[in-house]
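Contents: one structure, followed by commentary.
Just so it is clear, the model here is predicted, and its values are computed rather than measured. In what follows, chains are A, B, ... by sequence order, proteins preceding strands, each numbered from 1.
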Protein chains: 2
Amino acid sequence: TESCDQSPIRLPEVPPSSPPIEVLDVDKKTPDGWLPRDPRLIRLTGVHPFNVEAPLTDLFNEGFLTSPELFYVRNHGHVPQVQDEDIPDWELTIEGLVERPFTISLRGLLEQFEQRTYPITLVCAGNRRKEQNVVRKTKGFSWGAAGVSTALFTGVMMVDLLGRAKPRRGARYVCMEGADELPNGCYGTNVKLRSAMNRDLGMMLAHMMNGEMLRPDHGKPLRAVIPGQIGGRSVKWLKRLVVTPDHSDNWYHIWDNRVLPTMVSPEQSANEPSWWQDERYAIYDLSTNSAIAHPAHDQTLSLDVLQKSHCFKGYAYGGGGRRVTRVEVSIDKGKSWRLAEIEYPEDRYREASPRQMCGGTLDMTDYEASFCWCFWSMNISVSDLSSASDVLVRAMDDSMNVQPRDMYWSVLGMMNNPWYRVAIHQEGDSLRFEHPTQPALMPGGWMERVKKAGGDLTNGSWGEQIGGDNEPQP
Amino acid sequence: TESCDQSPIRLPEVPPSSPPIEVLDVDKKTPDGWLPRDPRLIRLTGVHPFNVEAPLTDLFNEGFLTSPELFYVRNHGHVPQVQDEDIPDWELTIEGLVERPFTISLRGLLEQFEQRTYPITLVCAGNRRKEQNVVRKTKGFSWGAAGVSTALFTGVMMVDLLGRAKPRRGARYVCMEGADELPNGCYGTNVKLRSAMNRDLGMMLAHMMNGEMLRPDHGKPLRAVIPGQIGGRSVKWLKRLVVTPDHSDNWYHIWDNRVLPTMVSPEQSANEPSWWQDERYAIYDLSTNSAIAHPAHDQTLSLDVLQKSHCFKGYAYGGGGRRVTRVEVSIDKGKSWRLAEIEYPEDRYREASPRQMCGGTLDMTDYEASFCWCFWSMNISVSDLSSASDVLVRAMDDSMNVQPRDMYWSVLGMMNNPWYRVAIHQEGDSLRFEHPTQPALMPGGWMERVKKAGGDLTNGSWGEQIGGDNEPQP
């Protein structure tokens, strides 16, 4: 089917969006009782605040771009309510260690600055945290593997705003503050000024997502979008940028979004605040990660049909703009690996000529970094699957950072990225596939099963008894 | 001892250098027969060409900065001989997709451009390759863990040169060519233009090293120095920069400095050239790595003295300017980890006020990236050591890339960075420490020993028989 578009490049399609129109019963008695939401989203922290991911299959099947209604949400409190008529007057202040501090309305941002559009994948630092929680309870709630979503974001480049404000010598950070009201103040954190001033790193303040105004859960009317870094840096309901010599002292910057050394226990982290003061443990770039989306958890494959092979599929992403250069799959517990096919839909935008899109200029012809997820796939023969006990996947980025076999457990349970493992069970005439976990408190997955059976998930063999080739010699 | 220096910051000292003055017998019959060298260096490719590393202990004991005579060397052929009187007339050409191509003499580089000095660690992509070769022979020769060295480099920033030449739209790479004459042409490769134009990434053309003229083995009179990337990008005896839309087609760019997927065998890589055409497998950034330097290989520790603990020490580095944020040590095969102390001598330069040093301006007050190795240390009690069978070390960078337990074998044997393991042997009243390998063809190390005894080095337990806690349940 030929596109009407003049361009020979087929850009990924924006998924059909049907904005929710009814407030769900479950939300009615919360401070967000005015806000319609999609009932498919899986709630990870009870009813409120709203922290959700889509079912992994639904997310994956939407394709490269995620609809705003299935895009993951991480809220720390209730959602700031902004009436449409007040949006043009929403004010953003840029101050601190700058020569020309200024306050500008959203109308001003639209009128006075160039609008750019980029596809950007956001990922919660807690993506895949449920796996850590099964090994040992962390201080974080249980994300599955769908804490990742992609959209076309439109807005103003942070470098353009900072260029007008003119940071002074000695400035090193850009602190950001949102409008949410939380027990410990607003949500805030920082990015590094040098990264913000680097146009290639694509940091922006966005007001649109897939060509429509931001929805309330995604920061309406204005948010930061920080490509390649953890979602926690992309501050929503953005009100203030403060250029500073030191890192943010916001409560959430200090006590969240860190990977403390693995030997620090929850008790130690509570009793010894110095662990939280060491900026070396703050997370910026995402780490290399991947997951299997198809087959889904508990999906079965009948062996009595004439299907010779089954196609495994999933996603992968890198951090800091680094491209995923390979995805490898093992069906013999990591002894040998096969090379998966990788599709990079982000590259379609690079290949396309510059154009207006979603209210901004899309021009990625000179843009080297990879800020979006990619998709891998591999056909595995049914006979191979029948004799395998699991399928493992790992990705590597262009700095040769490969996902490790071993989990790096830490007290906040962030950046979990060991090999993603789906166990295979032969049951009569079919194979059943079992993912590591299910999100939130949903039961299921081989990790809980193995742990309940007394297995040690940290024994280097996914808690299984060691046998076969690894059996000790007499 | 108080320094005469006005500054309260103690900068690392340049190690005393005694330039070799005699041509070694071993070199006399080679094309490098005119070139005096240090006899301590370990030759990794027979006599010629000259590819060497220092003994690890000697390298480590020199401290943060390495003397030119112990700095590792990677030569592909004979060393271009340049008389001192010809140095000012050495010509560099900048051409290709630029508005203003030009040729400039080294004299011109000194007179017309600002001279900068930076401490920079160079690392050969083959560092620690001997370990890969023991597992399975690669196409590369056997580096130990001393293919890493640090110096104060002085020269002109690449961004300043490119700024004069003015790259045109569509330019993406800076190809570099040296003056060496090799069977496949000169040595050449490329960096990415956007990285070269980013002053924060510190790419430079250097003519001095620790305040003295470059020595012949290190590129006299002019070389590229590319911080945070593999040594193979820092082209020596530099003659030409060509700005291009496509990557370098130099023989060494295509057929070297790549990490092919692990399942590609030497035979396959020879028969299927397409593996080498995929730029995704080219290496730029270094990967996170670390090693134990003290105790040295075969060092012993007497148990009958009143020494209560022993201090383990070593180095670590990250890639692409990423800081090593933690180094962890395990004495129970990775079940639990302890946090090492880390010293970052590079930070002393950051803290120092801007100054003239070694013939250039040293000003790192605004410089965020980490381009040098750092040093870790940890006291381990003798009683703990007596009951341990090995000491493992791993580093993590600020993007949470952690060294993996498993080796990623590839056909060229590059970027080897699994946990560094020293085995412990109790022998009578002392402990003996055994490193994984010794460089070149030198025998020794637990890897060869285990392999000879029939162990499978890829079994996830360093080839040891599995016992103890891992013993299968009945």
Side-chain angles (χ1 to χ4, degrees), chain A residues 169-170 172 192 194-195 198 200 259 261-264 278 280-288 319-320 322-326 328 334-339 342 365-366 368 396-406 408 414-415 417 454 456 458-461 465-467 469-473, chain B residues 169-170 172 192 194-195 198 200 259 261-264 278 280-288 319-320 322-326 328 334-339 342 365-366 368 396-406 408 414-415 417 454 456 458-461 465-467 469-473:
Chain A
R169 188 168 168 101
R172 289 183 60 207
K192 293 181 181 165
R194 286 184 104 72
S195 309
N198 182 347
D200 297 344
V259 174
T262 187
M263 74 293 296
V264 178
D278 192 330
R280 289 182 299 178
Y281 306 142
I283 321 166
Y284 290 93
D285 288 355
L286 293 163
S287 52
T288 317
R322 293 184 281 281
R323 179 180 287 263
V324 170
T325 55
R326 69 199 79 186
E328 297 172 335
K335 284 192 193 66
S336 70
W337 296 86
R338 305 169 179 203
L339 196 61
I342 308 181
T365 44
D366 256 2
E368 296 267 358
M396 186 188 274
D397 75 8
D398 59 17
S399 294
M400 311 298 145
N401 299 306
V402 63
Q403 290 179 247
R405 173 166 59 175
D406 301 292
Y408 190 92
M414 289 177 155
M415 311 289 271
N417 72 336
D456 170 11
T458 66
N459 72 350
S461 303
Q465 294 176 5
I466 295 162
D469 289 355
N470 281 335
E471 204 143 22
Q473 309 301 312
Chain B
R169 190 170 167 99
R172 288 183 61 206
K192 293 180 182 167
R194 286 183 104 72
S195 309
N198 181 347
D200 297 343
V259 173
T262 187
M263 75 293 295
V264 179
D278 192 328
R280 288 182 299 177
Y281 306 143
I283 321 167
Y284 290 94
D285 288 355
L286 292 163
S287 52
T288 317
R322 293 183 281 282
R323 178 180 287 262
V324 169
T325 55
R326 70 199 79 186
E328 296 171 337
K335 284 191 193 64
S336 71
W337 296 86
R338 306 168 180 204
L339 195 62
I342 308 180
T365 45
D366 255 3
E368 296 267 358
M396 186 188 273
D397 74 8
D398 60 16
S399 293
M400 310 298 145
N401 299 307
V402 64
Q403 291 178 245
R405 173 165 61 173
D406 301 292
Y408 190 92
M414 290 177 155
M415 310 290 271
N417 72 337
D456 170 10
T458 66
N459 72 351
S461 304
Q465 292 177 9
I466 295 161
D469 289 355
N470 280 335
E471 204 143 23
Q473 310 301 312

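For Ser195(A), no part lies near chain B; criterion is any non-hydrogen pair under 4.5 Å. Neither the backbone nor the side chain of Met414(B) comes within contact range of chain A, judged by heavy atoms closer than 4.5 Å. Heavy-atom distances place the side chain of Arg322(A), and not its backbone, under 4.5 Å from chain B. Looking at Thr458(A), neither its backbone nor its side chain comes within 4.5 Å of chain B, counting heavy atoms on both sides. The contact between Asp406(A) and chain B is made entirely by side chain atoms (from C-beta outward), counting heavy-atom distances below 4.5 Å. Looking at Asn198(A), the atoms closer than 4.5 Å to chain B (heavy atoms on both sides) all sit in the side chain, from C-beta outward.
For the set Gln403(A), Met396(A), Glu368(A), the entry with the most heavy-atom pairs within less than 4.5 Å of chain B is Glu368(A). Interface summary for chain A: among Lys192(B), Glu328(B), Met415(B), the most heavy-atom pairs under 4.5 angstrom belong to Glu328(B). Here Asp200(A) is the residue among Asp200(A), Asp278(A), Asp398(A) with the most heavy-atom pairs under 4.5 Å with chain B. Comparing Ser336(A), Gly334(A), Pro261(A), Ser287(A) by how many heavy-atom pairs each has under 4.5 Å with chain B, the most go to Pro261(A). When the candidates Val324(A), Thr262(A), Leu339(A), Leu286(A) are compared by the number of heavy-atom contacts under 4.5 Å with chain B, Leu339(A) comes out ahead.
You'll find the side chain of Met400(A) stays beyond 4.5 Å of the side chain of Tyr408(B), heavy atoms only.
Atoms CD1 and CZ, on Ile342(A) and Arg280(B) in that order, are 5.0 Å from each other to the nearest 0.5 Å.
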